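Report on the following structure.
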Amino acid sequence: MIGPRVNPLVRDTASPAILQARAWLDSYDGNKGPRIDLSQAAPPYPPPQELVDHLSAAAGLAETARYGPVPGEYELRKAYAEHASQLYDTTIDPQETSITAGCNQAFLIAAMLVAKKGDAVLLPTPWYFNHKMTLDMLGIEVRQVPCSADAFFEPSLPIAKTLIDNNVRAIVLVTPNNPTGAVYSPATIEAFADLCRDHGIWLILDETYRDFLPEGPRKPHSLFDDRFRNNIISLYSFSKSLALPGYRLGAMIYPARVAEHVIKVQDCVQICPARAGQLAVTWALGGLDEWRRNKRQQFSDKARAFRSAMADVVGWEIVSIGAYFAYIRHPFSGSDAGVIAERLASENGLLLIPGSFFGPGQARYLRLSFGNLTPESLRALPTRFRLGPYNAFSNRTAPV
Ligand SMILES: Cc1ncc(COP(=O)(O)O)c(C=O)c1O
């Protein structure tokens, strides 16, 4: 018997990408060696022992079993406000911050805050699939801003301008980017902030991967200067930077004038962020600088090692590489990246995410999370990327 219907907006939303891709690995018989899973952007190492000790101690407190403040523990909001103030050379007040159950929830809150069903949001394409899924489920129209390889995968400002009308409520930027790894220049980020300010719309900036940028003399952008601030919602994740994605902690920064509305959404979607993790992260924001610096260095070393390993992989090309991800072009011009990804996984035990999961026009690309590479898997790459000699899907002969 057919039961009651599912909300069509949810029914018609794409299924979780990583789950779909993982299923391809199930049919790999192991003939080329152990599986190499470069699909997910999860830190391949555990949090440091000192942080684990803080997490255990916090979990043992009776207080952390009670409900906590809706926008998060004040001490963590204060520590995060100070941390961000230092990074962006500005002054952010704890009242302008919220702690969330990860950055995905922060995005959901931001989307609900700024747009209603039928409104529109500009999303650079390729996009982060959970952003697209969230907007689809809320009935918010997504307008694509193309990012081309020729423009280093930065979104096109002239096209964005043409897409803005009275229905548009926000532009979303992800930098460093998922999936391409592209790190937008301060000039690009600020040009988009100008555009948003001029049109009275929001700029939602997801900086989940900002801790993995090589350290430089400049701050990533000036969006927290007074001239932009009123239009900015900044999103961040502790999942990657502190290697605790399972604790589900992220953060937002927004103008104080909207705090009361953010809290309405937070009250309904989580009541309060999980408390034990918040206490430990409050400590970690000041206590793990050196550990974080080391991890940042490891990521740039891995990016370099990956680049040189790919020099031996015939036909494939790295088109973009950044803080956490590389976006690579496959050599099979007639084939969709989904078909190629499925074959790599099932025949060679190598799992990457096809570009087609990140939006239209991405059929030649695949994303990989190079942080998951080990010295052994780096050595195995030339063999694992080899497909063929017969490509059953496009009827072309594949380079070997
Ligand atoms: C761009 C981007 N935003 C948000 C998230 C989600 O992070 P969190 O674990 O904090 O929800 C991810 C995770 O992959 C991401 O790539």
Side-chain angles (χ1 to χ4, degrees), residues 7-10 12-14 96 103-148 151 153-175 177-180 182 184-208 221-236 252-255 257-259 261-262 264-265 358-362:
N7 172 355
L9 293 174
V10 175
D12 297 343
T13 293
E96 296 170 307
C103 193
N104 266 7
Q105 193 195 55
F107 183 78
L108 171 73
I109 295 167
M112 287 179 71
L113 184 77
V114 306
K116 62 177 175 21
K117 184 168 183 260
D119 286 341
V121 163
L122 267 49
L123 212 53
T125 315
W127 52 58
Y128 168 49
F129 34 67
N130 287 147
H131 287 171
K132 171 72 163 59
M133 289 166 71
T134 299
L135 296 169
D136 286 349
M137 285 191 272
L138 293 174
I140 297 168
E141 181 198 345
V142 168
R143 296 192 185 168
Q144 298 168 32
V145 185
C147 303
S148 73
F153 288 101
E154 289 201 343
S156 161
L157 189 74
I159 295 183
K161 278 184 186 160
T162 66
L163 295 173
I164 296 179
D165 62 19
N166 288 339
N167 281 343
V168 172
R169 299 280 161 256
I171 302 179
V172 178
L173 297 184
V174 180
T175 178
N177 190 260
N178 177 6
T180 64
Y184 300 168
S185 70
T188 298
I189 299 172
E190 288 159 23
F192 272 91
D194 269 328
L195 184 66
C196 290
R197 193 194 46 202
D198 293 347
H199 286 83
I201 61 175
W202 292 96
L203 178 59
I204 300 175
L205 182 70
D206 178 331
E207 292 185 287
T208 289
H221 54 76
S222 303
L223 260 51
F224 295 108
D225 289 1
D226 286 346
R227 67 191 168 120
F228 296 127
R229 209 135 159 192
N230 202 28
N231 294 66
I232 304 302
I233 299 175
S234 146
L235 313 180
Y236 177 67
M252 306 174 71
I253 303 173
Y254 42 74
R257 69 186 167 86
V258 300
H261 306 298
V262 173
K264 288 179 211 167
V265 184
F358 303 100
Q362 308 303 311

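If you read the sequence from its start, that first residue is 1, and numbering goes on from there. Computed from a predicted model, the values in this text were never measured in an experiment.
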- Walk me through it: do Asn177 and Phe153 pass the test side chain to side chain contact (heavy atoms under 4.5 Å, CB included)? CA-CA 9 Å; Asn177 190 260; Phe153 288 101; over 6 Å; no
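- Here the SG atom belonging to Cys147 is positioned 9.5 Å from the CD1 atom belonging to Ile159, to the nearest 0.5 angstrom.
- The shortest heavy-atom contact between Thr208 and Tyr236 is O-CE1, 4.5 Å.
- Closest of all the heavy-atom pairs between Ala111 and Ile140 is O-CD1, 4.1 Å.
- The CG atom of Asn104 sits 11.0 Å away from atom CD1 of Ile109, with the distance rounded to the nearest 0.5 Å.
- If you take CG on Leu122 and CZ on Arg143, they are separated by 7.0 Å, rounding to the nearest 0.5 Å.
- His221 contributes atom NE2, which lies 5.5 Å from atom CD1 of Ile189 (distance to the nearest 0.5 angstrom).
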Item checked: Chi angles and distances behind the side chain to side chain contact (heavy atoms under 4.5 Å, CB included) call for Ile171, Ile164 -> CA-CA 9 Å; Ile171 302 179; Ile164 296 179; 4.3 Å; yes
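- Listed here is the closest heavy atom pair of Ser185 and Glu154: N-OE2, 2.8 Å.
- Pro124 places none of its side-chain heavy atoms less than 4.5 Å from the side chain of Val174.
- Put simply, the side chain of Gln362 gets close to the backbone of Pro360: a donor and an acceptor are under 3.5 Å apart.
- For the pair Leu157 and Thr188, the minimum side-chain heavy-atom distance is 4.5 Å or more.
- The aromatic rings of Tyr128 and His131 sit perpendicular to each other, their planes meeting at more than 60°, with 30° as the lower class boundary.
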* Check step by step if side chain to side chain contact (heavy atoms under 4.5 Å, CB included) holds for Phe107 and Asn130. => CA-CA 9 Å; Phe107 183 78; Asn130 287 147; over 6 Å; no
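- Lys161 meets the side-chain hydrogen bond (donor to acceptor under 3.5 Å, both in side chains) test with no other residue; sequence neighbours excluded.
- The two atoms that bring Glu96 and Arg229 nearest to each other are OE1-NH2, 3.0 Å, heavy atoms only.
- Closest of all the heavy-atom pairs between Trp127 and Gly359 is CZ2-CA, 3.5 Å.
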Practice item. Step by step, work out the side chain to side chain contact (heavy atoms under 4.5 Å, CB included) result for Asn7 and Met137. Key: CA-CA 9 Å; Asn7 172 355; Met137 285 191 272; over 6 Å; no
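- For Phe129 and Phe358, the gap between ring centers is short of 6.0 Å.
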Less than 3.5 Å apart, which donor and acceptor atoms pair up between the side chains of residues 197-205 and the rest of the protein, not counting sequence neighbours?
residue : atom : partner : partner atom : Å
Arg197  : NH1  : Arg227  : O            : 3.3
Arg197  : NH2  : Asp194  : OD1          : 2.6
His199  : ND1  : Leu195  : O            : 3.0

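- One distance of note links CD of Gln105 with CG of Leu235; it measures 11.5 Å at 0.5 Å rounding.
- Note that the CZ atom of Arg169 and the CG atom of Asn166 stand 7.5 Å from one another [nearest 0.5 Å].
- Between Leu223 and Ser234 the shortest side-chain heavy-atom distance does not fall below 4.5 Å.
- Other residues, nucleotides and ligands place more than 12 heavy atoms under 6.0 Å from the CG atom of Asp12.
- The two residues Pro126 and Pro179 come nearest to each other via the heavy atoms CB-CG, 3.7 Å.
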